[in-house]
Protein chains: 6
Amino acid sequence: MEKDVFIGNLTWKDYEARIRQDNPVVLLPVGALEQHGYHMSMNVDVLLPTAVCERVAKKTGALVAPAIQYGYKSQQQSGGGNHYPGTTSLDGATVTSTIQDVIRELARHGIRKFAIMNGHFENSMFIVEGIDLALRELRYGGIEDFRVMVLSYWDFINDPEVIEQLYTDGFLGWDIEHGGVFETSLMLALYPHLVDLAKVEDHPAATFPPYDMFPVVAERTPAPGTLSSAKTASVEKGELILKVCVDGIASALTQEFTD
Amino acid sequence: MEKDVFIGNLTWKDYEARIRQDNPVVLLPVGALEQHGYHMSMNVDVLLPTAVCERVAKKTGALVAPAIQYGYKSQQQSGGGNHYPGTTSLDGATVTSTIQDVIRELARHGIRKFAIMNGHFENSMFIVEGIDLALRELRYGGIEDFRVMVLSYWDFINDPEVIEQLYTDGFLGWDIEHGGVFETSLMLALYPHLVDLAKVEDHPAATFPPYDMFPVVAERTPAPGTLSSAKTASVEKGELILKVCVDGIASALTQEFTD
Amino acid sequence: MEKDVFIGNLTWKDYEARIRQDNPVVLLPVGALEQHGYHMSMNVDVLLPTAVCERVAKKTGALVAPAIQYGYKSQQQSGGGNHYPGTTSLDGATVTSTIQDVIRELARHGIRKFAIMNGHFENSMFIVEGIDLALRELRYGGIEDFRVMVLSYWDFINDPEVIEQLYTDGFLGWDIEHGGVFETSLMLALYPHLVDLAKVEDHPAATFPPYDMFPVVAERTPAPGTLSSAKTASVEKGELILKVCVDGIASALTQEFTD
Amino acid sequence: MEKDVFIGNLTWKDYEARIRQDNPVVLLPVGALEQHGYHMSMNVDVLLPTAVCERVAKKTGALVAPAIQYGYKSQQQSGGGNHYPGTTSLDGATVTSTIQDVIRELARHGIRKFAIMNGHFENSMFIVEGIDLALRELRYGGIEDFRVMVLSYWDFINDPEVIEQLYTDGFLGWDIEHGGVFETSLMLALYPHLVDLAKVEDHPAATFPPYDMFPVVAERTPAPGTLSSAKTASVEKGELILKVCVDGIASALTQEFTD
Amino acid sequence: MEKDVFIGNLTWKDYEARIRQDNPVVLLPVGALEQHGYHMSMNVDVLLPTAVCERVAKKTGALVAPAIQYGYKSQQQSGGGNHYPGTTSLDGATVTSTIQDVIRELARHGIRKFAIMNGHFENSMFIVEGIDLALRELRYGGIEDFRVMVLSYWDFINDPEVIEQLYTDGFLGWDIEHGGVFETSLMLALYPHLVDLAKVEDHPAATFPPYDMFPVVAERTPAPGTLSSAKTASVEKGELILKVCVDGIASALTQEFTD
Amino acid sequence: MEKDVFIGNLTWKDYEARIRQDNPVVLLPVGALEQHGYHMSMNVDVLLPTAVCERVAKKTGALVAPAIQYGYKSQQQSGGGNHYPGTTSLDGATVTSTIQDVIRELARHGIRKFAIMNGHFENSMFIVEGIDLALRELRYGGIEDFRVMVLSYWDFINDPEVIEQLYTDGFLGWDIEHGGVFETSLMLALYPHLVDLAKVEDHPAATFPPYDMFPVVAERTPAPGTLSSAKTASVEKGELILKVCVDGIASALTQEFTD
């Protein structure tokens, strides 16, 4: 059990020993329970960053904390909107407090290197606020050397060649990738039993006005809840994405956190 | 994928259909990341209620929401105390808000029957508060028929004969069962790779004064962090516990939630 | 006035002198305004811990801070439920903040030894959270030696002989003691004008399923709101309880707080 | 017991009956634990409004809820400042939540007429905010007819003749009345054992610049903590004040709350 | 641009240089958006303290931070009540947090001398609480020398001769000055285009009972929303007020903040 | 005064009349006090959306509420980071509460059409949360028809031809536009006295890794605090931007809010 990268699978003695010996990075996957179209399960935003974390941890010697399973409210232009059944979201303050509390505790354990792997776009700013409040508090407690990296794993897909391989018809931006080629390919590579490509509706990419309306005008989201079609998703694309992300993130961790 | 009991594994359409057809109970496992002695992993309080939920759901047609992975601060007399490395706890308000937010969202989906399966003693009152705040808010929104059951699965072990089978030397109460025969047997039955019986320290049951001190007097907790010895834990006991809990809870759900 | 144990009855100069000379323990009674059956007034949970505090203070040289008069929401299995008229409860966060604020101020005065005497079961975890938040904050302010004892006075009745004297027909646990022999005997010994034994309804002890339902199923609480019958309450039992509690708590304070 | 004006001294059945029969006003004394000079105890701001409430209740048929024992932070120009030992104050949000919670509960009981008797100047705005938040919430719950009166009992001393009798050397405003003739006379009339006139320091009335400094410049408060001298306080003045306040408040309640 | 007293008009380099060279006082105007009768615009409580700040800053070398544009809820006896259309108020906690956040940031910049110029009576206690929470937090962060002055500019009109010049028929107190001679004269002197004296309703000064009712009894406020008549307002009076306030405040700043 | 588009410049009667007659849209500029390089003042994020609002209001008959002057913490990749002196930011919860409070009040006035004009990228998600919490609360109060548009004015520059005119050397995205050609041109067109082009440092556009570090690695931000060079900014570009934004936003308002 002591080789496991998941903190939850360790005893406290093994975890304590790891901290003392390695001063390891802890990775925290932060996800959501959110609709991902007709063709995919609702746990995508937890499963994917967790899978990336696991692989990065194995490669770098990091540890993975239990994933945050619920995230901030889905926004129409990035996740279809929070009006879908199944999408189960937290208030911003709850996301923020969760992050703050986890950091406070990791710091108490002796952890000083922490990376948050976001799997749900809408979480970003509430994660940032949780970090800021936690670091402020750690400073009050005399801890000045706790460092946090925040990343959304898709941001590591930035090599134009890779993007071209994934989007042979042209890349339209990460926002509309909700339930599209990117996430679906990764799910096909990792959790194929949670994808049913036959149910993909091949709708054109969603287009939105340059503003948001609240309450959401529901019919502006394509009916399946996806913002672009996953039709050209494939296992191979998923494996490519995974490799690029894992390599890129592992390398970033090494660079930032090597003392 | 649509037969799955885990909401996270469903598409939103399957979930929506289930609500419309069955008015199902949703079960929420609430756990903790907490030390459980030298011999057991730290995710016990999440794994066990999740496993119970899964079995209950299969038996009764309920659905299982993603587990809450972090819980309230470990208390010395029930969990050894919050000073151990690895134990990673939330402030009470964070636990409460998380429960409140999840209920608000489930109610929006059309869910009206909800059961919280607590796997970590210290969560109880903050769960209760989350429910109270959520039901208050639902009433403001005109929803009066949302009902919640809260249970700790161990409370269903109340048949003296069963208790005698589990504790041949006498039962000392649930409080000191932290990392003891009960939890270890369940883990042996369900996740044997996360238990190493050879590391169980056969210490006498912890005894505490009739009050608590803060900060905790660390040496009052037995060194491994467990409150009683797991030496007599066994797969068979674990299977017995599981059967009794699952049967009891399934029957309670049926009784309370059959319209 | 300077001999008084109640801080409220002292001038600030007398209080200041006491702190400088004795480094005294401060005791805080925390109660509730809660129904206690047909036969007893609703201030039981404030009066009793205050009376215990007063006697303990006289015996040990401690001081008593003004009691918290309102507590957390009554729970069905320990207090009958929060649906009764008269029961007037605070949200958990309010209880927690009150405790946190009082500790912050006592620490500013120079107090370093603090004991919270809880008279209302449901308060416990919100008191614990208030202490944890306060001690965290004191650490940020550089105060590391503030210590807190938390106790519910009934937990000091643990001598089997005493329990047998009180419960000649067998003891059924503290939970169902709401408005029963224990509290009624104490009130008879201390505030007989607030008890009318003629109104005691001699109902069997309440039994509950191994879970809670919200909203409460009101008819599961015995109609008077008490969870067991106070029929065998007596002044003598009250005096016995008082003596055992005061002696036990005085001795615990001495043991923990003697420098 | 059923004739008692203090809700805490009633059984829930008697309280319930009172609400059904009389639709009574509930009075809530809100105080503080605050230094009141060398010559007076620190519970003045609780004792005085409670005594006024009791008399008003007896005269009008109102009920008195348990007093709030701690209040908002003492300000230099009205209470000497919050730096004195003994003064034990709550954050503003705690005061506000307490008021909000109590109102929510009283409304649940069926109370619709509520009066808050403030005994500590600094509480005023946090009480007002608690009322505003509570009434907002009651509206969300469909309750539109809950009415609240807020008063500081000293505001009923507004007859110039009375003021002349109290302040033969001229009245200098309520602000500097902290621990002065007004409060001391009332204490002499009601709780003479908590006053020691021999310890009154006959200092001139405090004068302050037309602004406040934080942190407080401690030496701007007269050393005893009082803002004017209580030297001319007397039992007779206390009885006069009490009579005028009780009559005035009783009459105000009748006028505002008679349906 | 570097001579400007308004921080918002400076570059960060100029601001940084000012801090390093002068250790300047920062002034923060705090206002409200609130009805001010038939004859005056709703931004009075922002415009006036901002104008005073500007003049004081020019005179003393202080800097002016951007004004807080919204304030706490208008109270009937000081602002007519919060039921008027147009009056747009914040919850108390929002006012408090805004002050706390601004102070935390100014302290980070190196500012140590801060003065809050309140233009809306009802803000006072929520400003005080924001300061207290901020200074507490700064102490946790090791900053002990941050000082704050709080003032309402009208409190500097305390010379009886000046008051007589302003109120030839007798001064009735600042409370009822809402939209009266004082504010109207200042507006006439500073922003005449936002005043229409022809619309002043010459009603007698508002009189209120010695308590407040919630919800407000709307008809107790004079119909225009003003609490006294502005009929005798004049440019000359406005100029006099401005001069007296600016001189008095400049002198107070010098006295308190000269190292 | 009644023709003014700024609510603050209206009397409450004029405002009330406008609501009754026109059911107008209210526009709220939300900004920040944030460093904008060596060459520009720190109030850019307030001045620009306010100027856009004013022009849009004049064109469409909308009203403009007083601007929010402080915003959420500057992020390194969009605003240079929150470590600069002068940058004065609020916690996320403060931004959220401010928005929520303002919406609650506007709804009370009778406003039903509301548009938030964001001038500071980092505010976005905290504004969204404020809207969500406010609309939830309005629903509890029975108001279902309050609609909110949120927009960042730069999102209306999406015509490739316009972008080409502005960025003759190629457009690099809005993120790095902090203090660059876009904002500087607008300031030159609107507030030339707050810009000193001579101080523009012609640095290459900032490049960042695909993640964020906290605490910020300060040297990753170009020294002036700007993320791209403003060297090619001009009055003409500013006027073009203004025209395109105002036209686009006016047209969006008309489309969404015409009943």
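Worth saying up front: this structure is predicted, and the values here are computed from it rather than measured. Residue numbering restarts at 1 for every chain, and letters A, B, ... go by the order of the sequence lines.
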**Message:** Once you measure the plane-to-plane angle for B:F126 and C:F126, does it fall in the parallel (<30°), tilted (30-60°) or perpendicular (>60°) bin?
**Reply:** perpendicular
**Atom pair CZ (B:F214) and CD1 (C:I116), whose distance is rounded to the nearest 0.5 Å** = 9.0 Å
**Message:** Given heavy-atom pairs under 4.5 angstrom as the criterion, report whether the side chain, backbone, both or neither of C:R139 touches chain B.
**Reply:** neither
**Request:** Output the option from B:V148, B:V217, B:D155 having the highest count of non-hydrogen pairs under 4.5 Å with chain C.
**Result:** B:V148
**Item:** B:E129 side chain reached by C:T96 side chain, heavy atoms, under 4.5 Å
**Value:** no
**Asked** Side chain, backbone, both or neither: which part of C:Y153 has a heavy atom under 4.5 Å from chain B?
**Response** neither
**Message:** So for atom CG, which belongs to B:D145, do other residues, nucleotides or ligands contribute more than 12 heavy atoms lying within a distance under 6.0 Å?
**Reply:** yes
**Fill in**
Applying a strict 4.5 Å limit to non-hydrogen atoms, the region of B:N118 in contact with chain C is neither
**Request:** Measure C:F146 against the heavy atoms of chain B and call it side chain, backbone, both or neither at under 4.5 Å.
**Result:** backbone
**Message:** Just checking B:F121: does its CZ atom have more than 12 heavy atoms from other residues, nucleotides or ligands closer to it than 6.0 angstrom?
**Reply:** no
**Contact class of C:N158 relative to chain B, heavy atoms under 4.5 angstrom** = side chain
**Prompt:** B:Q75 versus chain C, heavy atoms under 4.5 Å apart: side chain, backbone, both or neither?
**Reply:** side chain
**Message:** Go through it in stages, so that I can follow the logic: the residues are B:M125 and C:V128, the test is side-chain contact (heavy atoms from CB on, under 4.5 Å), and I'd like the CA-CA distance, side-chain angles, deciding distance and then a yes or no.
**Reply:** CA-CA 11 Å; B:M125 290 308 289; C:V128 162; over 6 Å; no
**Request:** Considering non-hydrogen atoms only, spot the tightest contact between B:Y211 and C:L151 and give its length.
**Result:** CB-CB, 3.8 Å
**Asked** Looking only at heavy atoms, what is the nearest atom pair of C:E256 and B:M213, with distance?
**Response** OE1-CG, 3.6 Å
**Prompt:** Counting heavy-atom pairs under 4.5 Å to chain B, which of C:D132, C:D212, C:I131 comes out on top?
**Reply:** C:D212
**Request:** Select, from C:A93, C:S124, C:P215, the one with the greatest count of heavy-atom pairs under 4.5 Å involving chain B.
**Result:** C:P215
